[in-house]
Amino acid sequence: MDRTYDFVKIEKKWQKIWETEKTFKVEADTSRPKYYNLEMFPYPSGNLHMGHVRNYAIGDVIARFKSMNGFNVLHPMGWDSFGLPAENAAIKHGIPPKKWTLDNIDNMRSQLKTMGISYDWDREVATCKPDYYKFTQWMFLQLFHKGLAYKKEASVNWCPGCQTVLANEQVVDGACERCDSIVEKKKLNQWFFRITDYAQRLLDNLDNPALMPGWPEKVKTMQRNWIGRSEGCEFSLEIADRAEKITVYTTRPDTVYGVTYMVLAPEHPLVEAISQGTEQEEAVKDFVYRMQFTSDIARTSSDAEKEGVFTGAYAIHPLTQEKIPIWIANYVLLDYGTGAIMAVPAHDQRDFDFAQKYGLPIQVVIQGENTPLDGNTLTEAYTGDGKLVHSANLDGCSVEEAKKKVTAHLEELGIGKRTVNFRLRDWLISRQRYWGAPIPIVYCEKCGIVPVPEDQLPVLLPESVSFKPNGESPLKYAEEFVHCSCPNCGGNASRETDTMDTFVCSSWYYMRFCDAHNDQLPFDKEKAKYWMPVDQYTGGVEHAILHLMYARFFNMFLKDMGLLENEEPFSRLLTQGMVLKDGTKMSKSLGNVVSPEEIINRYGADTARLFILFAAPPERDLEWSDKGVEGSYRFLNRIWRLVGECIEKANAGTIPSSLNEVSQELHRKTHATIKKVTTDIQDRFNFNTAISAMMELTNTLTACKDHKDLCPEVLYETIQSLLLLLSPVTPHICEELWQACGFNGKISEQHWPVWDESALEQAEIEMAVQISGKVRDHMMIGTHLSVEEIQAAVLSSEKIQTLIEGKAVVKVVVVPGKLVNVVVK
RNA sequence: GCGGGCGUGGCGAAAUUGGCAGACGCGCUAGAUUUAGGCUCUAGUGGGCACCCCCGUGCAGGUUCAACUCCUGUCGCCCGCACCA
């Protein structure tokens, strides 16, 4: 065996062996339990960053651990390879998006391979390749046929930087999540997926422990908030001297007697009609016009000043028949609820602010327990519980009672009904971009919107296109792409030139891995039945809403189609923390980026993996430390030397039943370590404490390795166990040492070690002795002793006798194996 | 404003069911080896103190024989959502 740890040679050697022997290739095998372990696939930006290294190191430990524990592990990798950066490269540097993307994939694949991750590379997919996007288009068609993909004219988010529309989820603080341009509103005819049909199911499953047992509460909460379910009541009001009616939505029907005005969104279709001919007509027009040019952030941020204008029209209160003025205001949104509200300033802060500003009356209808409220002196809306007042026959009711009674009454009158509202909107999937999967739709002069027949898929992206410097999609100008014949009538037709949001592509890739080369179907039903759902999914929390909700929607839809049996795609989710340097996220602009390539070249992949897993638990942010990396490198060097020194003295064979003290201690420590590492990885994913336990075992081994009485069989057992335990974390060095020790086969194909509970038993154990809760002594106590015997042993000890002299023993608490507390007075 | 999370040495962290706070690592100190440096090895390392001992998990209380852990209040930081009626 080499004296020095030559990681370059070792890592290359084993990466080649794993590749040529296809060590990690798997097939569905119903006779074996499966484990589908997946890490979020990367966008091929060109280079691996530390976040990737962390993500894939975590995933690889889980995959290797499960594999050694007898599972048939599916661990695939692919590329989320459509998207705007490729197109920007084309505009800026004239490199075709396809070439740019595939080159990046090649580079990142080879970088990934230097990490030594246990992927089944035969299942690799890239979403930008026709054999993949053919089925992304197929998915679109299925949704279309079920009425879940539809086109509508809508006011949508337009990013002037990216020259495309965006989904609601891609707008962050009124700006494009990708390029930070301020998002504008545009009325466009766009394709949507009807994800709102699944809102209730997406919500309910979050609380079903059988479906999503291993999801962090944080992510589930974020999804709940995004779906935003609220229960309330919808009812209509007549407009004085007009035929039209206004429908409002409220979650507080109990406060209906407190309504003092109404508000419509400025874009509400009734605004123009009801203000026409009134003296307010001009003011309304001005306000509506101004709102058109007010950006969404300005309008919807909570610190925005509320403003509005009276329409000149009145509604009739359905219960009191009073006339109530109708206003329009910036704080009411057209696309939530009905775009119109009943305003109850006494019990809603927004209405209160507005009423104060415009001098509208405030009528209290809920009285809290203590101080009587008065609309004239109120300083903020009262939103608490209480009894109804000033509400006709409802007076004295509780809020809950009143909600039910009012809703029932409005239902009886035939003007209202109980309703549920969601904040979730349908998913806008059209993108006016080139580098994406074309939407498989044709517009025919005679037949209208015609889906491309399945047997004509894929609709290929044309490659010879020219990119416009203004960022407009070149697809619109690709004549040979746009012009086509109608699949229905054969007449003149043109293709849809929008492509799909890349989140569509990534919503089903985990299914494709089950059967990556199927050219007839996205995947074989039986294969998916075996592999799905993903047992463990690991990735960044930035996907908590977008990707993870879209993917859940796709999975449900495919289940409803009968292609899948699992209701949810991901049973367990691990959201790993960020990798920081100097307390902040690594970024080029800050110049604090540490390149994985450099670290791997300098210390090897095993060191990089070890450090990143040891430095922090996976969910937490990790502070990068160059010194810490060196520490990890030192540890591997130590293991290398230690195994080299010890293996000569070690001997295979049965461990004698009676062992001398030093051998007994090492034997016990070895089994305690197996137990600790196994439970830390299996139950908690706490790789950091698992690694620290292995370091402790290494320390123990170092201390006793040269002892003349050390039993060679115990030494053998320790070395073998240590290598097995360490192998998921640092696979290369462990393979090499395993082979150098002359052990059988490859370490990646061995069984995980099992601890022997009886080896953990000790004749006596050190217990802490407390006097009134303060530790005063430590005593070796036989583990076979009863509570009474322990108590007697402690009280008769000389030291304790001296310490409690002159005091009365009130009580003695014995926690076997841990401590004894003598309470004195 | 609402929701989720966090707060422990000089630093990254550990303490899994209420049971010895600081495992493991980094850094630091001293020593051994070495011509020297590096590597490696040994010992030490929360604060105060010569010692006994005292103090110590953001802060203030509480429950308990015993609290980083449970309860009440409070401060600070991070993340998500945010005029959603």
Side-chain angles (χ1 to χ4, degrees), chain A residues 172-173 216-226 228-230 232 248-252 255 263 265 299-306 329-333 335-344 347-351 353-354 383 421-425 541-542 544-545 577-578 580 610-611 614-617 619-632 634-635 637-638 641 676 679-680 683-684 686 688-696 698-699 702-703 766-778 810-824:
Chain A
V172 179
D173 291 332
E217 201 47 49
K218 175 184 170 136
V219 175
K220 292 202 280 188
T221 306
M222 283 166 73
Q223 294 211 353
R224 270 186 215 109
N225 290 342
W226 194 262
R229 183 184 194 274
S230 77
V248 297
Y249 170 72
T250 180
T251 53
R252 295 293 304 272
T255 61
V263 189
R299 244 188 85 177
T300 60
S301 76
S302 53
D303 45 296
E305 174 88 16
K306 287 177 183 48
N330 59 349
Y331 76 98
V332 173
L333 310 171
D335 59 353
Y336 182 77
T338 60
I341 63 159
M342 59 174 225
V344 186
H347 305 293
D348 181 288
Q349 190 57 41
R350 294 155 299 175
D351 297 345
D353 294 343
F354 192 79
T383 54
N421 249 295
F422 294 96
R423 280 189 33 206
L424 182 71
R425 309 292 148 85
V541 73
E542 66 274 17
I545 296 176
M578 285 187 296
L580 311 176
L610 179 68
F611 168 72
F614 177 58
E619 301 88 348
R620 209 182 296 190
D621 285 350
L622 181 155
E623 175 66 30
W624 185 265
S625 156
D626 292 328
K627 290 286 185 191
V629 177
E630 280 174 31
S632 295
R634 263 201 298 274
F635 175 69
N637 274 287
R638 235 177 121 202
R641 286 193 306 270
K676 169 86 177 145
T679 53
D680 275 1
D683 307 338
R684 315 197 300 159
N686 277 15
N688 55 331
T689 52
I691 291 166
S692 77
M694 293 186 261
M695 287 172 169
E696 282 187 56
T698 308
N699 291 343
T702 306
E766 193 184 70
M767 285 175 69
V769 182
Q770 299 180 328
I771 310 285
S772 295
K774 302 222 180 243
V775 180
R776 285 290 178 265
D777 195 17
H778 287 96
V810 179
K811 187 176 179 181
V812 180
V813 181
V814 178
V815 184
K818 301 237 159 117
L819 57 72
V820 178
N821 189 6
V822 182
V823 186
V824 294

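Within every chain, numbering begins at 1; the chains are lettered A, B, ... in the order of the sequence lines, protein sequences first and strands thereafter.
Base contact: A:Arg425 has a heavy atom under 4.0 Å from a base atom. The residue A:Lys676 sits close to a base: some heavy atom pair falls under 4.0 Å.
To the nearest whole angstrom, the two P atoms, one in B:G46 and one in B:U29, are 16 Å apart. For B:A60 and B:A67, the C1' atoms lie 16 Å apart once the distance is rounded to whole Å. Nucleotides B:G10 and B:C49 place their P atoms 15 Å apart, quoted to the nearest Å. For B:G56 and B:G9, the C1' atoms lie 10 Å apart once the distance is rounded to whole Å. Using atom P as the reference point in both B:A23 and B:G12, the two lie 15 Å apart (nearest Å). Using P as the reference atom, B:G37 and B:A32 are 12 Å apart when rounded to the nearest Å. Across the C1' atoms, B:U57 and B:G47 are found 14 Å apart, a figure rounded to whole Å. For B:C83 and B:U72, the C1' atoms lie 34 Å apart once the distance is rounded to whole Å.
Where A:Pro617 and A:Met222 meet RNA chain B, the nucleotide closest to each residue was compared, and A:Pro617 sits on the side nearer the 5' end. Comparing A:Thr251 and A:Ala615 by the nucleotide of RNA chain B whose heavy atom lies nearest to each, the residue mapping closer to the 5' end is A:Ala615.
Nucleotide B:G27 forms a pair with B:U45, judged by Watson-Crick or G-U wobble geometry with both contacts under 3.5 Å. Nucleotide B:G61 is matched to B:C71 when pairs are restricted to Watson-Crick or G-U wobble geometry with both distances under 3.5 angstrom. Using N1 to N3 plus N6-O4 or O6-N4 for Watson-Crick, or N1-O2 and O6-N3 for G-U wobble, each under 3.5 Å, B:A50 pairs with nothing.
Using a 4.0 Å cut-off, no side-chain N or O of A:Arg641 falls inside it from OP1 or OP2 of B:C39. Taking side-chain N and O atoms only, A:Lys818 has no distance below 4.0 Å to OP1 or OP2 of B:U17. Within the 4.0 Å cut-off from OP1 or OP2 of B:A14, at least one side-chain nitrogen or oxygen of A:Asn688 is found. For B:C39, neither phosphate oxygen OP1 nor OP2 lies less than 4.0 angstrom from any side-chain nitrogen or oxygen of A:Arg638. Contact check, A:Arg423 against B:C83: no side-chain N or O comes under 4.0 Å of OP1 or OP2. In this structure, A:Arg634 does not reach the B:C41 phosphate: none of its side-chain N or O atoms is under 4.0 Å from OP1 or OP2. A close approach under 4.0 Å does not occur between any side-chain nitrogen or oxygen of A:Tyr249 and OP1 or OP2 of B:A85.
Because its glycosidic torsion is within 90° of 0, B:G9 is reported here as syn.
For the pair A:Val344 and A:Thr250, the minimum side-chain heavy-atom distance is 4.5 Å or more.
Judged by distance alone with a 3.5 Å cut-off, a donor-acceptor contact links the side chain of A:Asn821 to the base of B:C65. Between the side chain of A:Lys306 and the base of B:C83 there is at least one donor-acceptor pair of N/O atoms closer than 3.5 Å.
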